[in-house]
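Predicted model only: the values in this text are computed from it and were never measured.
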Amino acid sequence: MTASAVVFTTVLVAAPAANAAVEPPALDIVRPFSPYIEMPTSYPSQQALTVVPDDPTDASIHRGVMPYDEIAPFINDLMEQSDRVSAQVVGMSELGREIYMVTVTAPETAAEVKQQAAWRDKVKFQPDAAAADAALQAGYKVPIWFNSNIHGNEWEGTDASLNYIEDLALSDDPEVLEIIENNRLYFTVTNNPDGRALGQRATANGYDANRDMVTGATSEAAVIRDLSSIIQPTYYIDIHGYTNVLQIEPCGPPHGENYEYDLFLPHAYATALEIEKNVTEADIPGNTYLDENGRTTTENTGKIRIPYRDIRAGWDDWPPIFTPQYVAYQGAITNTVELPLGRTSSSTVSAERSAINIEVAEIVIDTIVDYIEVNSDALLENQIEIFRRGIAGEPSVVIPADVEASDLPADMPTEWVEIWDETDVYNADYPRAYVIPMDETQRSTSDAEMLVQQLLVNDIQVSKTNAPFKYEGVWYPAGSYYVDMHQPLRGLANVLLDEGSDISERVPDMYDISAWSLALLWGADVLPIGTSGGSVPTKAIKPVTELSLSGSLPKNPKKWETYLAFEPRGVADYQAINELLGEGIALSQLEDGTVLLKADAAGKAAATEVAAIYGVDFTASDGAVLASEESTALSPVTVAYVNSTDDRDMLTKLGFTDIVPVTTTTLSNGTVDLSTVDLLFVGGNLNFGSSTAVGRQQVEDFIAAGKPVVGRGSAGGSFVNTFGITTVSTTTGTGGSNGIALVDTPADGVLGDYPQDTVFGYPFGWFTGLGDNATVEQTYAATDPFVSGHWAASTGRSQADSAGMPSAFSAIGATGTKAFVFGNSPTFRTHPVGAFSDIARAIFWAAPEGAAVEVPTSGKPGNGPKG
């Protein structure tokens, strides 16, 4: 099976019928494969890039580098001059700027391109055959990929790449001709064009795209995700800035457990040392170096910073959220490059620093390409071996702490050995497979299907069982999703699905997040079975290459009863609730969580579309239960949220279409009128002083009117305490602590319907001193609550201190205000998708009631929903 068969045809949601009022959500939970990527069938492929108007406000101008509007003309001009240069649009930024990829290689006919693609797939899916294929070994063009400017205000990688492309395009140097004959060089020249023009690190929708490789909240990160499975680079370089002195990965510990580190580290470190040698020998005026105390100096000491050698804890390749750490799972050697000289307010100094950084970056690029040319056979052999180990299901290779150079193959670089010690040893224990059961035991079938969609767009092979199977004494149902861990990307599959590890005792602190498991945070039940290399659990499987959410309706629509019912378990169900309410369909929710609607013409039509788009399973009901049990009439909710990117997108992904950002300023200057909203979501602090008293009065009036609040973290706890809804104190875990924790949820509480047993925290918070009007809705597990991540111990703020403590509470204030506060981080970078349904439950519990579903005038009391 080729990569294209897995990824390109993935369907995320079923298309609605023509002219249907019901629509998919405004933001996808799973960002689909980029529709812009269509790889050339021959080289060169030279359709001119669209030239955009000059932008005098482009922040690149102050920096003294090429503004975005000049990049397309520059590339177009090179294509006119050279048949070695091809360019294409591979994605679109949040503000509609095109993301370009330039490919430089010797011309290739359609037949040659087809042969290269066949060899690429053979390397990945038939590695044993690839290793023995002499024609492949001699003729495969090793793919090299340079990515630049993923952080918008780290500019110079773009300019250095364009300069290098120009050299490759126009030079007659025999070495250059050999490079383009033996390789394809890919350049995503500005991965974040909005940030480049705006002069900001983040994308225009507020995210750090270089923290987004597991989630896909940004199109900018998704471009890298999608291209990685197509390019399948043997070497990948991501050019950043600024760290005062040139910094080249590889990293110090902790190292990702799922890498084939014995194959990755030798060449990654040898390349870094070669870059150090060439940059210091160039002795560029104005450049900086690393002194013996680890400080920056202008004296040429012969050293730059290499984290594996110079930062022995904290600058890590533990999480796969960064592009190099993610792309490495495609069998690539990768380096993050941090250029030395940072930003300044002076345009003159900025231009001087940029010139130095560009010169440094050009040496880096040239050195890496030269290294690949010399070592291309070994690098390709490494990539083939990584894929071979995955397909064979071999155990993770452990590099002993006392490894010696003499222990290594004769052709392997050995410089790294003198540094390696017990702090570097991290290895995975792979299961034989992961099973996502699809029967009544599954917490949410739609969450499970979204998880599978996310695996597919990440190029993970997934199958579906077509018969029940028994493995190690346990039966698994037919129709379950099955991830065989004997696959080429087993490292990526495992890093996405494994629960992770608690590394709190292994390193003092972390550079970024320490846990990210889709299996624990995306709302589905996922079961690891067996051990790597074990027996085949089942052969009754069929590969999955596309997947729509699978909703259902009662059989024979002509005989439907007067009501329809469904159980909201996952995110898609709450999206459907919001869509139905938006279409004017009345919904009533029973105490057990079941939602009913009238099966009149409008209800049937809307339910039909909702089943197709959102995967909702409807059953028939006579509605008599509405007369015999209490129910809550749901209503559309206008939500004001304290301005946060994560909260905004969480609400949008849940289908809340009427959302209003608020800040202390907008409340105080009258830009926002809280009296026009139904609920306030507090994910950040509102700090009022004498100059913002009007804003505080707005909030006090909101509470006095009995309007509801949902909040998260210490900001949410502080809000309900400050405005008198209930008393509460919030304790947060040790600074920087983050990861996944176990929680217990009362069955009779707000979150009691299909609760999850894990949450994400950054940091974790828990509540004490709760008022008599408060109800504990969730607690951290009483013993060993921490599952994975990094949570350093400190007095009163440790893992043990959180055990058994309230992690969420509800309260009803004196004015009737309902409040619900989460102590963890349920919207963090929009990654803990499973927590979104908990937030929706809290919102609909707190929100004002709407129009109730009409109670039937006849029928047998107590006759509830049925299939």
Side-chain angles (χ1 to χ4, degrees), residues 104 142 144-148 154 156-168 171 173-180 182-183 185 187 234-251 265-292 296-311 324 332-341 353-376 378-379 412-416 418-419:
V104 184
V142 171
I144 310 168
W145 183 8
F146 291 91
N147 186 56
S148 298
E154 299 169 9
E156 290 89 348
T158 297
D159 297 74
S161 293
L162 292 171
N163 291 347
Y164 190 72
I165 291 168
E166 184 175 36
D167 289 343
L168 293 177
S171 174
D173 187 320
E175 290 186 6
V176 170
L177 299 178
E178 186 175 3
I179 287 169
I180 62 173
N182 295 335
N183 303 276
L185 296 95
F187 301 83
T234 304
Y235 215 114
Y236 173 87
I237 304 92
D238 203 2
I239 306 178
H240 289 254
Y242 307 100
T243 47
N244 297 319
V245 62
L246 177 64
Q247 178 173 294
I248 309 289
E249 290 182 351
C251 301
L265 181 59
H267 287 289
Y269 187 55
T271 306
L273 291 174
E274 191 70 15
I275 292 169
E276 179 177 64
K277 171 179 175 292
N278 289 348
V279 168
T280 57
E281 285 181 354
D283 201 23
I284 299 167
N287 194 23
T288 54
Y289 306 92
L290 195 71
D291 73 11
E292 61 184 10
T296 300
T297 177
T298 55
E299 178 187 353
N300 191 340
T301 63
K303 282 189 67 177
I304 61 169
R305 183 183 290 115
I306 304 174
Y308 173 67
R309 179 189 67 196
D310 302 318
I311 309 177
I333 307 301
T334 67
N335 300 105
T336 296
V337 176
E338 299 280 354
L339 299 176
L341 304 182
R353 291 183 176 184
S354 290
I356 295 167
N357 283 345
I358 291 169
E359 189 172 353
V360 169
E362 288 173 350
I363 294 172
V364 170
I365 294 170
D366 196 50
T367 301
I368 289 171
V369 174
D370 286 348
Y371 185 89
I372 294 167
E373 271 291 278
V374 172
N375 296 279
S376 61
L379 294 170
M412 180 175 287
T414 61
E415 299 94 336
W416 60 277
E418 63 187 40
I419 298 169

Inset, instruction - Please report the C-alpha distance between Leu339 and Glu154 in whole Å, then the side-chain angles of each, then the deciding distance to 0.1 Å, and finally whether the side chain to side chain contact (heavy atoms under 4.5 Å, CB included) criterion is met. - result: CA-CA 9 Å; Leu339 299 176; Glu154 299 169 9; over 6 Å; no

Legend entry - Trace of the side chain to side chain contact (heavy atoms under 4.5 Å, CB included) decision for Val142 with Asn182: CA-CA 7 Å; Val142 171; Asn182 295 335; over 6 Å; no

Inset, instruction - Start with the C-alpha gap between Thr336 and His240, add the side-chain angles, then the distance that decides, and say whether side chain to side chain contact (heavy atoms under 4.5 Å, CB included) holds. - result: CA-CA 7 Å; Thr336 296; His240 289 254; 3.7 Å; yes

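Note that CG of Asn287 is 7.0 Å distant from CD1 of Ile356, once rounded to the nearest 0.5 Å. To the nearest 0.5 angstrom, Glu415 atom CD is 10.5 Å from Tyr308 atom OH. Put simply, CG on Leu265 and CD1 on Ile333 are 9.0 Å apart, with the number rounded to the nearest 0.5 Å. Separating the CD1 atom in Ile284 from the CG atom in Asn300 is a distance of 10.0 Å, to the nearest 0.5 Å. Rounding to the nearest 0.5 Å places CG of Asn375 at 11.5 Å from CE of Met412. Note that CG of Leu246 is 13.0 Å distant from NZ of Lys303, once rounded to the nearest 0.5 Å.
Contacts classified as salt bridge (Lys or Arg N to Asp or Glu O under 4.0 Å) and involving residues 271-286 (residues at least two apart or in different chains) are given here: Glu276-Arg309, Lys277-Glu281.
Side-chain contact between Thr243 and Pro340 is absent, with no heavy-atom pair separated by less than 4.5 Å. Using a 4.5 Å cut-off on side-chain heavy atoms (C-beta onward), Phe187 and Leu162 make no contact. Using a 4.5 Å heavy-atom cutoff, the side chains of Arg305 and Asn244 are not in contact. Residues Asp167 and Val176 have side chains not in contact (no heavy-atom distance under 4.5 Å, counting atoms from C-beta outward). With contacts defined as side-chain heavy-atom distances shorter than 4.5 Å, the pair Glu373/Ile179 qualifies.
In this view, Thr334 satisfies the side-chain hydrogen bond (donor to acceptor under 3.5 Å, both in side chains) rule with no residue, not counting sequence neighbours.
Remark: of the listed residues Ile306, Ile311, Leu290, Ile311 is the sole one forming a side chain to side chain contact (heavy atoms under 4.5 Å, CB included) with Gln247. Tyr242 pairs with exactly one of Glu156, Arg353, Glu338 by the side chain to side chain contact (heavy atoms under 4.5 Å, CB included) rule, that one being Glu156.
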Please tabulate, for side-chain N and O atoms in residues 363-372, each donor-acceptor pair with protein atoms closer than 3.5 Å (sequence neighbours left out).
{"residue": "Thr367", "atom": "OG1", "partner": "Asn278", "partner atom": "ND2", "Å": "2.9"}
{"residue": "Thr367", "atom": "OG1", "partner": "Ile363", "partner atom": "O", "Å": "2.7"}
{"residue": "Tyr371", "atom": "OH", "partner": "His267", "partner atom": "ND1", "Å": "2.7"}

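Within the 3.5 Å criterion, the main-chain N or O of Leu185 finds no donor-acceptor partner in the side chain of Asn183. At least one donor-acceptor pair under 3.5 Å links the side chain of Asn357 to the backbone N or O of Leu341.
Across all their heavy atoms, Ala272 and Pro250 have their closest contact at CB-CD, 4.0 Å.
For the 3.5 Å distance criterion, the side chains of Thr296 and Thr288 fail to qualify, holding no donor opposite an acceptor.
Ring geometry for Tyr236 against Trp145 counts as perpendicular: the plane angle is over 60°, on a 0 to 90° scale with 30° as the lower cut.
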